[in-house]
2 protein chains.
Amino acid sequence: MGKPTIGGTRYKEVKNAMLAALSTQEWKGGEVIPSEKRLAERFGVSIGTLRKAIDELVAENILVRHQGLGTFVAQHQRDRHFFRFFRVVRQDGDKTYPTVSLVSFKKGKATREIAAMLGIEPNARIFMFVNRLALHGATVMIDNIAVPEARFPGLTEAALRERPSTLYNFYQDAFHINVVGTEERLRVAVASEVESDLLDVPRNTPLLEIRRVAYSYHQMPVEVRISHVNTAHYEYVGPSASHEEPL
Amino acid sequence: MGKPTIGGTRYKEVKNAMLAALSTQEWKGGEVIPSEKRLAERFGVSIGTLRKAIDELVAENILVRHQGLGTFVAQHQRDRHFFRFFRVVRQDGDKTYPTVSLVSFKKGKATREIAAMLGIEPNARIFMFVNRLALHGATVMIDNIAVPEARFPGLTEAALRERPSTLYNFYQDAFHINVVGTEERLRVAVASEVESDLLDVPRNTPLLEIRRVAYSYHQMPVEVRISHVNTAHYEYVGPSASHEEPL
DNA sequence: AAGTGGTCTAGACCACTAC
DNA sequence: TAGTGGTCTAGACCACTTA
């Protein structure tokens with residue numbers, strides 16, 4: 001496979017070549033990729049080496065293997081890895097899907113802070129929207145979401161409202177943007193006026209604030225969100241610290 | 001290697017056999033384990049199969065490989081994986097080691113809640129102690145820690161105070177207890193009287209509450225702690241959601 | 001130089017899925 | 001039955017560490 005990418009070892013080269021094929025949408029979300037045998041021939045390596053590259057992409061939840069069927073580009077589905085990205089559960093441990101409703105939608109320009117997090121220029125155009133999330137019938141969480149217009153051309157409020165599945169699934173189907181990882185920072189904040197209205201709590205009620213950056217392949221940031229959670233009856237599930245990379 | 005453990009596949013059997021050798025302290029924290037060649041002979045598998053078993057144990061941070069040196073039982077060291085377990089950083093991202101001081105130490109009996117989390121009988125004897133953690137000179141976090149007396153025989157306040165390194169390193173050296181993973185739940189709480197004194201904040205200041213269970217091999221719970229963090233200038237680093245198991 | 005883990009090969013055989 | 005991924009083998013050669 002020549003040397004189109006760096007990485008030192010053959011399987012890293014293969015992995016990077018596969019990431020490239022994913023980035024260019026040669027392989028799209030949910031589709032099968034060629035068989036291991038074919039890929040080994042294409043990249044000029046043995047099956048074992050090819051498998052080691054796939055092993056890592058599977059460990060990173062970028063590909064999914066199905067014995068007897070083939071290897072697929074991972075797709076965001078409500079009933080599959082949803083709780084990897086939605087980490088709020090009831091204090092007794094009960095996990096349920098949130099009911100999401102769009103509160104507002106507008107275009108604007110990125111503040112310096114948002115721009116830095118998204119890796120775009122300050123004042124670059126972004127979309128901003130707010131989601132209200134309810135669990136067991138009560139609003140528990142407010143998401144303030146920002147995405148760069150350049151990566152989401154033509155995004156509209158109607159499209160957001162009418163999306164059939166999860167937000168990240170929508171990003172994938174409508175914009176070929178695959179969210180494969182996030183980084184989150186948590187602190188305590190207090191409810192603003194808007195938030196206290198939406199969450200039905202008094203002004204200045206302490207809330208859990210989550211600042212998230214979502215990444216696509218090659219750590220490319222694609223979305224920033226600041227969430228506020230009422231943890232009176234719910235809590236946030238942190239990392240499990242086994243099979244976890246050092247900070 | 002007969003069939004001392006289940007698991008379906010050869011390499012899972014090997015992995016379980018290795019976990020057993022770790023549990024029985026045949027291989028102790030920080031020590032080298034036998035070479036891949038020797039282990040392959042011992043378990044009656046090929047090098048490749050043996051390596052697959054080790055691969056998983058390395059991915060779980062239970063073993064560490066050093067090319068040219070050998071494979072070692074992972075050991076808790078202040079300068080190595082410390083920040084996998086200590087996830088509080090300054091809001092500008094600055095990571096520093098906390099200065100820890102023991103506030104109190106006592107024996108007692110496990111409440112039903114603590115007992116459930118530790119997997120021991122209610123009213124079983126436990127040690128309880130409180131640590132104060134300072135960053136950049138100011139107290140930022142209070143840890144309330146509980147461990148079962150049965151697993152920490154002879155633990156004393158003096159030993160805790162005089163430990164030369166991190167708490168988990170102390171568990172490993174003094175009690176052969178290897179913490180290999182944790183589970184954490186986060187919510188907002190308010191400062192009790194003791195906490196407001198120690199953290200130097202007004203009573204009822206909202207704090208970040210972290211409930212952690214620490215596990216050794218085979219998901220055996222060994223420690224429970226409830227921490228409270230003043231997030232005025234610090235924050236909690238959440239999971240990275242790539243290479244992360246589904247919940 | 002000897003011993004270790006790191007990478008890579010070129011297969012074999014099995015289990016699962018679809019037709 | 002044919003094609004897929006899953007496991008396993010028995011080596012080879014390389015890079016690194018210690019002596």
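A note on names: the letters A, B, ... follow the listed sequences, proteins ahead of strands, and every chain is numbered from 1. Computed from a predicted model, the values in this text were never measured in an experiment.
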Contact between B:Arg65 and B:Glu36 at the side-chain level, heavy atoms closer than 4.5 Å - yes or no? yes

Would you say D:dG3 has OP1 or OP2 under 4.0 Å from some side-chain N or O of A:Arg38? no

Please examine the side chains of B:Leu133 and B:Phe86, heavy atoms only from C-beta on, and report whether any two atoms are closer than 4.5 Å. yes

Between atom CD in A:Glu36 and atom P in C:dT17, what is the gap in whole Å? 16 Å

As a check of understanding: the bend across the helix from C:dA1-D:dT18 to C:dA18-D:dT1, end axes from five pairs, rounded to 10 degrees, works out to 10°

Report yes if the side chains of A:Ile145 and A:Asn131 come closer than 4.5 Å at any heavy-atom pair, otherwise no. yes

Readout for nucleotides 8-19 of chain D: B = base within 4.0 Å of protein heavy atom, S = sugar-phosphate only, - = neither; 5' to 3' it is SB-----BBSS-

Please tell me if A:Arg65 has a side-chain N or O lying less than 4.0 Å from either OP1 or OP2 of D:dG6. yes

Reported OH-to-CZ distance for the pair A:Tyr168 and A:Arg163, which is rounded to 0.5 angstrom: 11.0 Å

Within a reach of under 6.0 Å around CD of B:Glu121, are more than 12 heavy atoms found that belong to other residues, nucleotides or ligands? no

Can you check the A:Glu13 CD to C:dT7 C1' distance for me, whole Å? 13 Å

Among A:Thr156, A:Val147, A:Leu160, exactly one meets side chain to side chain contact (heavy atoms under 4.5 Å, CB included) together with A:Phe127. Which residue is that? A:Val147

Please give, in whole Å, the distance from C:dG5 P to B:His66 NE2? 11 Å

Rounded to the Å, how far apart are A:Ile54 CD1 and D:dG5 P? 7 Å

d(CG, B:Asp55; C1', D:dG6) in whole Å: 15 Å

So among A:Arg38, A:Met18, A:Lys28, which one has a side chain to side chain contact (heavy atoms under 4.5 Å, CB included) with A:Ile33? A:Met18

What is the distance, to the nearest angstrom, from the CG atom on B:Leu39 to the P atom on C:dG3? 17 Å

Looking at A:Arg187, I'd like to know if its CZ atom is crowded, meaning that more than 12 non-hydrogen atoms belonging to other residues, nucleotides or ligands lie closer than 6.0 Å. yes

What is the separation between atom CD1 on B:Ile33 and atom P on C:dT4, rounded to the nearest whole Å? 12 Å

Check against side-chain hydrogen bond (donor to acceptor under 3.5 Å, both in side chains), B:Ser216 and B:Asn178: CA-CA 5 Å; B:Ser216 183; B:Asn178 301 272; 5.1 Å; no

